[in-house]
Enquirer: 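Okay, handing you the structure first.
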Amino acid sequence: MQNESFPSDEGSFLSERGMVTVNKKIIIKTLEEIALHMELLGENPFKVGAFRKAAGVLEQDPRSLAEMDDILSLKGIGKGTGAVITDLLEKGESELLKELRERVPDGLIPLLKIPGLGGKKIAKLHKELGIDSADSLRAACEACEVSKLAGFGKKSEEKILAALEAFGQRPDKLPHWQLEPVVRMIGNVLDAIPEVNRHQVTGSYRRTAEMSSDLDFIVVTKEPERVNEALAAALPVIGTDASGAAKLSVTVDADEPVDVDFRFVTEEQFASAIHHFTGSKDHNVRMRQIAKERGEKISEYGVEQEDGSVLTFDSENDFFAHFDLPFFPPTVRKDGTELERADELETLIRPEDIRSDLHMHTVWSDGAESIREMAEACRELGYSHIVITDHSRYLRVANGLTPERLRDQIREVREADSEVDGIKILCGTEMDILPDATLDFDDELLSELDFVIASIHSNFSQPQEKIMERLFAAVSNPHVDMIAHPTGRIIGRRDGYSPDVAQLIEWAAEYGKILELNANPYRLDLAEEWLELAAEKGVPIAINTDAHSVGQLSYMETGVLYAQRAWLNRDMIVNTWTLDRFLSHLGRER
DNA sequence: GCCGTTTTCGGCCCGACTGTTTTCAGTCG
């Protein structure tokens, strides 16, 4: 999820005053950097893995460095990794890393990103040809020196050159929203191939990760070669990485090039295959360990028994049941620790728990449909109540409502509510928090509304202090009920206005405000880690679509799935509540 | 490098594909 960062752009471990300030993050980064360097020296992969694992153990531990008095006795931290930590704590730097840095040129590290090059091959290039950077690698390829090395050939040389050409041109990962249409397009292509019996997108996309580096499809067929050919012919393929009877790996031309893997399996293998390729990697490792303890072996094809026979399953449900586990939704399959949280699955938020949407727009501001049309569409979705929340006057580009127009709208909402059966329509606003930290409507007008959302849509680049002053103005106003899209981020495009989210969550807890998980796939704001913190602090969350049209009401599902990633309990999700409970929660003076 | 404790040595998740081989190592997911 995070961008991979390399030591070169990592910034110094020294603070401005030159004093060494070692925190947990630095220890984690150091361990990871050591692993990276060892990989390039062709070290034993298990040794490399041990350093990665130690970093992971620290990351996993919720405590800060100061709270960890037993850091050296944690499982996964031993003599070698412990020495690095001790070194860092005592001297502020790692002797081992220093040594490794002297042996490994900085320029080698980015080369790990070139497909087909791993630690061993890069080590060889360095040792045999003195390659120490992307530039020297390019020169060596152009001089045809690389193909002379044992283990390399003409083809490797060409592939490396092509990869160097594309270096930095392509983003590592694409946002979920950008992949969605590609998934749909590929689904249609698969549907049209007669030899395909069924298919399922898996991978991090199925886990509703906000960014994915590729797409993985499991395809059930009896004729993999035919399907392989048909896919290659029907898709806008701009490159093929691997092609066989079991898999096809291609790069597909979309808005951005997208890497797509297809795995061909039989009907019996389907459940095991989708589990395997949905991951996460760490989840799979954990599952395999559990299998191993029982004398079994999990692969993408099934569960191998001690006698060599292979069990297959009708569904992922049955697969988990075989290990005496409940079904874990893809969204919670993360670092493997989820397997210890089976008792929380019962209360985990599910799409069918949602009974309202508290943030949507109509033709009154920048929406596409009328109040009645939105309400009727929500009724179709089975909701019991909704809030109409058009923009306020400051947002001119969105035709924001003046106080006069808002009063007119209130009348119209009341009227629509009395006319449309089967759903309660509430009056609200999405009111701007202005750049000067005042609110767009006065208290008197706000008191006439059922639900007040406050949001920032302007002057994102203000210093954090000012942004927080604005958010505080909203949070501390007794009429404001919720802060929408609290950071203003657009995934993969912009970071938003970078508030101090931890502080905002504290305030929300203190002033009894709701924070939004905006379900628009472009936003998914708040992000996962903040949702976890909000849950810890007992701050209620509303999952809202912010729909500007009837079609966008379907964003709700993505929002709920994303919320599962943060293990949100349905009881803390405001829009699972009944209308009565919702109104009594709001219960402010009117 | 780390772990276990019916193991202090011998594992560490598992399999497909590629490119370079003439039987397999390396990379990748």
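Proteins come first, then strands; the chains are lettered A, B, ... in the order of their sequence lines, and each starts at number 1.
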Enquirer: In chain order, what residues pass the side chain to side chain donor-acceptor pair (under 3.5 Å) check against A:Ser204, with sequence neighbours excluded?
Expert: A:Ser212
Enquirer: How far does the C1' atom of B:dT5 sit from the matching atom of B:dG10, given to the nearest Å?
Expert: 15 Å
Enquirer: Expressed as a whole number of angstroms, how long is the span from A:Phe51:CZ to B:dC2:C1'?
Expert: 10 Å
Enquirer: Suppose you measure atom C1' in B:dC14 against the same atom in B:dT8; what distance do you get, rounded to whole Å?
Expert: 27 Å
Enquirer: Rounded to the nearest Å, what distance is computed from the CZ atom of residue A:Arg263 to the P atom of nucleotide B:dC28?
Expert: 15 Å
Enquirer: Can you tell me the distance, in whole Å, between the NZ atom of A:Lys121 and the C1' atom of B:dT20?
Expert: 8 Å
Enquirer: At 4.0 Å (heavy atoms only), tell me whether A:Leu74 reaches a base, stays on the sugar-phosphate, or touches nothing.
Expert: sugar-phosphate
Enquirer: A:Asp216 vs A:Thr202, test: side chain to side chain donor-acceptor pair (under 3.5 Å). Steps then yes/no.
Expert: CA-CA 5 Å; A:Asp216 302 279; A:Thr202 61; 4.9 Å; no
Enquirer: Is B:dT7 syn or anti, taking syn as a glycosidic angle within 90° of 0?
Expert: syn
Enquirer: If you look at every strand shown and take non-hydrogen atoms under 4.0 Å, does A:Lys154 touch a base, only sugar-phosphate, or nothing?
Expert: sugar-phosphate
Enquirer: Within the 4.0 Å heavy-atom criterion, would you say A:Asp241 contacts the bases, only the backbone, or no part of the nucleic acid?
Expert: sugar-phosphate
Enquirer: Given the C1' atoms of B:dA16 and B:dG11, what is the spacing between them in whole Å?
Expert: 23 Å
Enquirer: Hey, is the side chain of A:Ser156 poking within less than 4.0 Å of OP1 or OP2 on B:dT20, counting only N and O atoms?
Expert: yes
Enquirer: Whole Å only: how far is the CZ atom of A:Arg286 from the P atom of B:dC14?
Expert: 14 Å
Enquirer: Expressed as a whole number of Å, how far does the C1' atom of B:dC2 sit from that of B:dT7?
Expert: 14 Å
Enquirer: Taking B:dC24 as the reference, what is the distance to B:dT20 when you measure between their C1' atoms (whole Å, please)?
Expert: 9 Å
Enquirer: Just how far, in rounded Å, is C1' of B:dG26 from CD1 of A:Ile114?
Expert: 15 Å
Enquirer: Students often get this wrong, so: under 4.0 angstrom with heavy atoms, is A:Leu149 touching a base, only sugar-phosphate, or nothing?
Expert: nothing
Enquirer: With a 4.0 Å cut-off on heavy atoms, is A:Glu300 in touch with a base, just the backbone sugar-phosphate, or nothing at all?
Expert: sugar-phosphate
Enquirer: For B:dG1, give the paired nucleotide (Watson-Crick: N1-N3 plus N6-O4 or O6-N4; G-U: N1-O2 and O6-N3; both under 3.5 Å), or none.
Expert: B:dC12
Enquirer: Considering every strand and a 4.0 Å limit on heavy-atom distances, what is the contact class for A:Ser249: base, sugar-phosphate, or nothing?
Expert: nothing
Enquirer: Assign A:Pro115 to base, sugar-phosphate, or nothing according to its heavy-atom contacts below 4.0 angstrom with the strands shown.
Expert: sugar-phosphate
Enquirer: Please determine whether a side-chain nitrogen or oxygen atom of A:Thr81 lies at a distance below 4.0 Å from atom OP1 or OP2 of B:dC2.
Expert: yes
Enquirer: Tell me, please, which residues at least two apart from A:Asp214 pass side chain to side chain donor-acceptor pair (under 3.5 Å).
Expert: none
Enquirer: Base, sugar-phosphate alone, or nothing: which one does A:Ala245 contact when heavy atoms must sit under 4.0 Å apart?
Expert: sugar-phosphate
Enquirer: Using atom C1' in both nucleotides, what's the gap between B:dC17 and B:dT23 to the nearest angstrom?
Expert: 16 Å
Enquirer: Between A:Tyr301 and B:dA16, is there a side-chain N or O to OP1/OP2 distance below 4.0 Å?
Expert: yes
Enquirer: Indicate whether OP1 or OP2 belonging to B:dA16 is found under 4.0 Å from a side-chain N or O atom of A:Lys247.
Expert: no
Enquirer: Hey, does A:Lys281 reach any base, or is it just sugar-phosphate, or nothing, if we go heavy atoms under 4.0 Å?
Expert: base
